[in-house]
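Reminder, nothing fancy here: chain letters follow the sequence lines and each chain counts from 1. Everything quoted here is computed from the prediction, not taken from an experiment.
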Amino acid sequence: KAGVTQTPRYLIKTRGQQVTLSCSPISGHRSVSWYQQTPGQGLQFLFEYFSETQRNKGNFPGRFSGRQFSNSRSEMNVSTLELGDSALYLCASSSEPLPATQYFGPGTRLTVL
Amino acid sequence: GESVGLHLPTLSVQEGDNSIINCAYSNSASDYFIWYKQESGKGPQFIIDIRSNMDKRQGQRVTVLLNKTVKHLSLQIAATQPGDSAVYFCADTGGSNYKLTFGKGTLLTVNP
């Protein structure tokens with residue numbers, strides 16, 4: 001079975017721009033969660049989607065949003081980028097909604113200049 | 001807010017030794033705990049999980065121990081190998097069924 005895939009793997013943007021990241025979960029998995037990973041804050045939960053519905057959201061501003069499609073693929077959008085948004089964005093999928101074993105993708109490295 | 005913390009940020013062991021990575025959690029309502037391993041340039045990889053109705057669970061070369069009395073979680077790796085070198089994270093539900101809270105991580109270095 002193919003693992004979780006994320007595109008693009010690397011991205012460079014400038015302040016004020018917006019960005020969309022994509023995640024394809026493991027086949028059959030209906031739950032997709034997004035995390036932000038930085039050296040200072042570690043792994044922080046952004047949100048989880050299950051069957052196209054957002055179940056919960058972490059403590060991030062409204063500039064961070066997401067959605068899930070009927071095929072379980074998910075996208076995350078960050079608007080009005082700030083320097084502090086530079087991070088590794090990880091997507092994880094599971095067959096059941098949280099709490100459940102999550103399988104992570106390789107991440108998208110976002111650099112904001 | 002509630003968070004999962006780690007006692008030591010780094011751990012260095014000799015190849016073949018057993019490793020023990022510790023984790024403290026603060027929310028007594030946490031009922032599900034997971035250990036992940038993250039190698040450089042990769043996403044976290046699931047190692048083992050445990051629910052609060054258990055105090056020990058074993059996998060291949062790994063054992064997770066849960067002490068709910070002192071809110072402490074540990075990961076034991078038997079016969080540590082160079083390929084075990086990575087950052088190890090513990091995570092828990094923090095009393096919420098809808099998200100996982102991760103610790104900062106422990107860097108394990110295995111010396112040949």
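Clustering ILVMFWY residues whenever any of their side-chain heavy atoms sit less than 4.5 angstrom apart, transitively, puts B/L75 in a cluster other than the one holding B/I20. The hydrophobic clustering, which links ILVMFWY residues whose side-chain heavy atoms are closer than 4.5 Å, places B/I47 and B/L73 together. A continuous path of ILVMFWY side-chain contacts below 4.5 Å connects A/L21 to A/V112, so both sit in one hydrophobic cluster. Linking Ile, Leu, Val, Met, Phe, Trp and Tyr residues whenever their side-chain heavy atoms come within less than 4.5 Å leaves A/L43 and A/L46 in two separate clusters. When the side chains of ILVMFWY residues are joined at heavy-atom separations under 4.5 Å, either directly or via intervening members, B/F102 and A/F60 end up in two distinct hydrophobic clusters.
Here the closest heavy-atom approach between residue A/F45 and residue B/L100 is recorded as CB-O, 3.9 Å. In this structure, A/Q102 and B/F46 approach most closely via the heavy-atom pair O-CB, 4.2 Å.
In terms of non-hydrogen atom pairs under 4.5 Å with chain B, the most contact-rich of A/A100, A/G58, A/A92, A/C91 is A/A100.
Contact annotation for B/Q38: only side-chain heavy atoms (C-beta onward) come within less than 4.5 Å of a heavy atom of chain A. Interface remark: A/Y35 contributes side-chain atoms only to the contact with chain B (heavy atom separation under 4.5 Å). Interface remark: A/Q44 contributes no atoms to any contact with chain B (heavy atom separation under 4.5 Å). Contacts between A/T101 and chain B at a heavy-atom distance below 4.5 Å involve backbone atoms as well as side-chain atoms.
Near-neighbour residues of residues 71-90 of chain A relative to chain B, defined by a heavy atom under 4.5 Å from a heavy atom of that chain, comprise A/L88, A/L90.
A distance of 5.0 Å separates CD in A/Q37 from CZ in B/F89, rounded to the nearest 0.5 Å.
Under the 4.5 Å side-chain criterion, counting only non-hydrogen atoms from C-beta, B/R51 is in contact with A/P99. Counting only heavy atoms from C-beta outward, the side chains of A/F104 and B/Y36 approach each other to under 4.5 Å.
Heavy atoms from other residues, nucleotides or ligands lying under 6.0 Å from CZ of A/R15 number 12 at most.
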Note to self: Could you go through A/L98 and B/Y32, starting from their C-alpha distance and side-chain angles, then the distance that decides it, and tell me whether this counts as side-chain contact (heavy atoms from CB on, under 4.5 Å)?
What the structure shows: CA-CA 10 Å; A/L98 292 176; B/Y32 180 61; over 6 Å; no

